[in-house]
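This report concerns only the one structure given below.
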Amino acid sequence: MKSRTIWLYLIPSVIVLLAFFILPVLRLLPASVSSESGLGLYLEVITNPRYSTSVISTILLSIVVTLASLVVGGLTGLFLERHRFWGRDTVVGLITLPLSFPGVVVGFMIIMLGGRNGLIGSATQTLSMGKLVFAYGMIGLFLGYLYFSIPRVVTTVMAATKKMDPMYEEAARTLGASSFRILKDVTIPALTPALFSTGALCFATSMGAFGTAFTLATDINVLPITIYTEFTLSANIASAAMLSVVLGLITWAMLVAARCFSGTSATTGAA
């Protein structure tokens, strides 16, 4: 009877694993070596300037977005969980609202702010400072990714803060530690596992996000756009598959590393 119950739990997981991971990967890997170059095609990630620039730009952008999201979202989540004030629930709802937006909508909002006819450009032109346009490059993409990454950090940090034992902070405060010292030596170490896990998700989302990049892609060279171009405009299936595998490997490595570090941090904190 117990074995049947186990299978009832396992069957949905196995179906999802097959449908969304194993079968796509089994199709993607042969496609990535289907050209005359075979495995040598992967060397183009280094030798082809367009591919290498795309990979480096995507990684650097994702790292910067992740770090900025952790700082802004982490402090915001900590504040919102520790303080009760009128309208708090409304503020939390507004902060998490971007989670419901598709990437195209986020890109459109960035264009409305920093596009050629955007609000910020019109304001700076009125002030005789010239029209400020930033939506169509990496700055616009950074702001778009930041917009939908911050809510993930805020919700994770709020949940982790709620589970924290206040005893350690109270002990540090009793011993005369300043608020900054408590934040640095007690609060942040306690939140480190949550920060690593949500940071990895922010990085993975930024690496693979397509809708926002596609909406803003005038002067943008990131992996999702490069893959799309190779697949649709150049009909270069092998290169598109190869770049997809590279993107997946980088993201997977970051997720595994974050999981290992968060587990190590949790163990260290418990000790």
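Residue numbers run from 1 in the order of the sequence given.
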Counting heavy atoms not belonging to Tyr42, are there more than 12 under 6.0 Å from its OH? yes
Taking the side chain as every heavy atom from C-beta outward, state whether Glu230 and Ile237 have any pair of such atoms under 4.5 Å apart. no
Atom of Phe134, atom of Leu113 and distance for their closest heavy-atom approach: CZ-C, 4.4 Å
Distance-only, no hydrogens or angles: does the Thr212 side chain make a donor-acceptor pair with backbone N or O of Gly103 under 3.5 Å? yes
Tyr147 and Phe101 aromatic ring geometry - parallel, tilted or perpendicular at 30°/60° bounds: parallel
Between Glu169 and Thr187, do the side chains contain an N or O donor and an N or O acceptor separated by less than 3.5 Å? yes
Indicate yes or no: at least one non-hydrogen side-chain atom of Met242 is less than 4.5 angstrom from one of Val246. yes
Decide whether Ser54 and Thr226 meet the rule of one side-chain donor and one side-chain acceptor closer than 3.5 Å. yes
Should Arg88 and Glu81 be marked as a salt bridge (Lys or Arg N to Asp or Glu O under 4.0 Å) after you check the CA-CA gap, both sets of side-chain angles, and the distance that decides it? CA-CA 10 Å; Arg88 173 184 173 275; Glu81 184 56 39; 3.8 Å; yes
Within the distance-only criterion (no hydrogens, no angle test), does the side chain of Thr53 pair as donor or acceptor with the backbone N or O of Arg50 below 3.5 angstrom? no
More than 12 non-hydrogen atoms from neighbouring residues, nucleotides or ligands closer than 6.0 Å to CZ on Phe85, yes or no? yes
Between Ser239 and Leu41, is any pair of side-chain heavy atoms under 4.5 Å apart? yes
Nearest heavy atoms of Pro224 and Ala209, plus distance in Å: CG-O, 3.4 Å
May I ask you to check if Arg173 and Tyr168 form a cation-pi contact, with NZ or CZ under 6.0 angstrom from the six-membered ring centre and within 45° of the axis? no
Minimum heavy-atom separation for Val222 and Thr58, please, with both atom names. CA-OG1, 3.3 Å
Are any of the side-chain heavy atoms of Val65 and Phe142 separated by less than 4.5 Å? yes
Tell me if the CZ atom of Arg181 is crowded by more than 12 foreign heavy atoms within 6.0 Å. no
Given the side-chain rings of Phe148 and Tyr145, with only the six-membered ring counted for Trp, is the space between their centroids under 6.0 Å? yes
Donor-acceptor pair, Lys131 side chain versus Thr124 backbone, under 3.5 Å? no
Does Thr161 use its side chain to pair, donor to acceptor, with the backbone of Leu78 at less than 3.5 Å? no
Does CZ in Phe108 sit with more than 12 non-hydrogen atoms of other residues, nucleotides or ligands closer than 6.0 Å? no
Provide the closest heavy-atom pair for Met158 versus Gly77 in the form atom of the first, atom of the second, distance. CG-O, 3.3 Å
Side-chain (Ser197) to main-chain (Ala194) donor-acceptor, under 3.5 angstrom: yes
